[in-house]
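This report concerns only the one structure given below.
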2 protein chains.
Amino acid sequence: MGIKERKEREKKRRRDQILTAAIELIEEQGFEKTTMDEIAERAELSKGTLYLYFNDKSTLHQAVKKRGLEHLYDKFLQVIKQDLPGAELVKKMMLTFLNTLTHNAAFTKAMVLYEHIKEGYNKEKQEEPSIVEDCKNIEDELFMIMVRAIQIGIQDGSIKTHLEPKVLALMLSFQMSGMLKFYLSGSHDHAQKILNDNELSIPKLLEEFLEIQFHEKNSPSDNQE
Amino acid sequence: MGIKERKEREKKRRRDQILTAAIELIEEQGFEKTTMDEIAERAELSKGTLYLYFNDKSTLHQAVKKRGLEHLYDKFLQVIKQDLPGAELVKKMMLTFLNTLTHNAAFTKAMVLYEHIKEGYNKEKQEEPSIVEDCKNIEDELFMIMVRAIQIGIQDGSIKTHLEPKVLALMLSFQMSGMLKFYLSGSHDHAQKILNDNELSIPKLLEEFLEIQFHEKNSPSDNQE
DNA sequence: CCCATTTACTGACTCTTGGTCATTCAGTGA
DNA sequence: TCACTGAATGACCAAGAGTCAGTAAATGGG
């Protein structure tokens with residue numbers, strides 16, 4: 001009897017349906033402005049039903065984030081599989097990150113807005129793994145893939161640094177989150193103007209930055225122009 | 001007749017009183033959780049009065065941010081006045097930034113949470129300069145002070161780079177905003193663990209980072225060990 | 001000193017929205 | 001056919017942002 005399985009599938013479908021509706025709306029109007037009623041309407045369900053699948057609005061919010069992180073995780077795996085110098089791998093990952101985020105406003109917003117979640121999340125109603133926990137784990141995995149790429153780069157000589165791979169990865173992730181904020185806040189005129197004046201874009205700036213990071217002075221074996 | 005002046009002063013005092021109450025409460029419970037009623041009570045005023053001084057909650061929120069930025073501006077001015085190598089000036093500024101932010105949770109939260117403001121802020125009810133505008137301006141000024149410090153550093157040789165001062169400043173500000181996020185999200189266990197394992201702290205990491213940025217490979221005139 | 005006018009403030013009220021729950025309905029299996 | 005399960009509903013509630021008619025206080029002219 002495959003009834004249990006079917007029910008399982010249907011449940012997952014419903015969840016997805018809700019999530020998709022939520023993402024669409026958040027993309028259009030932002031998280032705050034999107035009401036649970038709207039999401040319900042878009043998903044062609046009643047509001048009460050949403051609460052059968054998500055504890056509350058902030059959980060739904062986290063689920064959006066999780067979906068984005070999973071997507072990113074797949075992409076990162078694809079990159080690390082490739083047979084390229086470590087430096088290239090790192091660059092590709094960071095570009096992938098920025099690219100994914102810029103083409104997925106809902107996810108980006110979910111990544112950056114967290115006040116909601118922080119406060120009062122000690123509610124011990126959650127004995128299950130909790131989506132927040134999941135997100136953290138995926139983030140950690142993403143980080144470790146970056147570290148792995150850096151290690152490869154150090155091995156093959158494409159990355160010269162005196163820093164621990166993990167420390168370097170930490171720096172790079174700070175850098176990414178800074179750029180992210182730039183993207184999110186959309187029209188940060190001033191910064192945009194500087195980039196234009198110097199015929200730069202964020203990806204180019206990123207490359208430039210990595211260049212500096214990966215060719216430290218105590219490594220003279222590099223091509224000097 | 002100094003009546004107008006006195007009224008002016010009193011009005012400013014009230015505004016400050018509200019702002020202070022708001023900051024206290026945000027510090028304690030976060031922005032979302034703090035209600036206008038609570039702020040009113042803390043400020044010993046009625047809720048209606050708050051709305052005589054601030055258009056809405058998000059404006060109040062921006063005002064918190066503005067206050068923090070002004071504080072930061074003063075600090076930055078103090079730094080740039082000092083007769084030190086440019087590299088030192090930059091370092092001091094960045095440390096000041098991180099320091100101020102970590103010791104002022106309300107301001108930090110105001111800096112990072114912006115969804116509120118972005119959405120629907122085309123309301124043309126604002127013909128006055130608008131606090132949002134003010135914040136932007138101060139941010140730009142802060143940025144220009146950084147640029148100034150970098151220029152000094154290039155001049156006195158303490159900063160070696162092939163990048164435009166403004167571009168470098170942009171990078172550094174991305175870096176800062178990334179670190180900021182780290183601080184804000186509080187217990188980012190994983191990152192904290194990495195720092196501990198390497199006997200590092202954010203300020204130390206920052207120094208390390210600047211070291212790399214400021215001693216680029218195409219400048220062999222530096223001390224090599 | 002008194003009255004008219006302006007200014008500052010109040011808090012009861014409205015409206016929106018997140019979240020709940022008693023009830024209904026559909027599918028299942030005996 | 002009927003009892004049972006659990007999925008879905010939407011009327012309902014509470015909280016909090018924002019409003020506004022009304023009140024009190026300060027001001028200034030007569």
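Chain letters run A, B, ... following the sequence lines, proteins first and then strands; every chain starts at 1. Hydrogens, waters and symmetry mates play no part in the numbers below; they use all other heavy atoms, side chains included.
Ion pairing between a basic and an acidic side chain is recognised when a charged N comes within 4.0 Å of a carboxylate O; B:E32 and B:K109 show no such pairing.
Taking only side-chain nitrogens and oxygens, B:Y53 comes nearer than 4.0 Å to OP1 or OP2 of C:dC9.
Side-chain N/O atoms of A:K47 and base N/O atoms of C:dG19 include a donor-acceptor pair closer than 3.5 Å.
With distances taken from any side-chain atom of A:Y51 to the nucleotides C:dC9, D:dA17, C:dT20, the minimum falls on C:dT20. For A:D56, whose side chain is taken as the heavy atoms from C-beta onward, the closest listed nucleotide among D:dA8, D:dG18, C:dG19 is C:dG19. Looking at the side chain of B:T35, the nearest of the listed nucleotides D:dA17, D:dT9, C:dC9 is D:dA17. If you check C:dG18, D:dT19, D:dA8 against the side chain of A:M36, the one that comes closest is C:dG18. Side-chain proximity of B:T49 to C:dG19, D:dT9, C:dC9: nearest is C:dC9.
In this structure, B:L52 reaches the bases: a heavy-atom distance under 4.0 Å links it to at least one base atom across the strands shown.
Between the NZ atom in B:K12 and the CD atom in B:Q17 there is a gap of 13.0 Å [rounded to 0.5 Å].
Within the cation-pi definition used here (under 6.0 Å to the ring centroid, within 45° of the axis), B:K57 qualifies as a partner of B:F31.
Judged by closest nucleotide on DNA chain D, B:T34 is the one of B:T34 and B:K7 placed further toward the 5' end.
Straight-line distance from the NZ atom of B:K33 to the C1' atom of C:dG18: 14 Å, rounded to whole Å. Atom-to-atom, CZ of B:F54 to P of D:dT19 comes out at 15 Å; the value is rounded to the nearest Å. The CZ-P distance, from A:R14 to C:dA26, rounds to 14 Å in whole Å. For the pair A:E38 CD and C:dT16 P, the computed distance is 13 Å after rounding to whole Å. In this structure, B:E32 atom CD and D:dA15 atom C1' are separated by 14 Å, rounded to whole Å. Distance NZ (B:K57) to P (D:dG18): 8 Å, rounded to an integer number of Å. The nearest whole Å value for the distance from the CD atom in B:E41 to the C1' atom in D:dA15 is 15 Å. The separation between A:K11 atom NZ and D:dG6 atom P is 10 Å, rounded to whole Å.
When all heavy atoms of B:V64 and B:A110 are compared, the closest pair comes out as CG1-CB, 4.1 Å.
In this structure, B:H190 and A:F143 have perpendicular ring planes: the angle between them is above 60°, well past the 30° mark.
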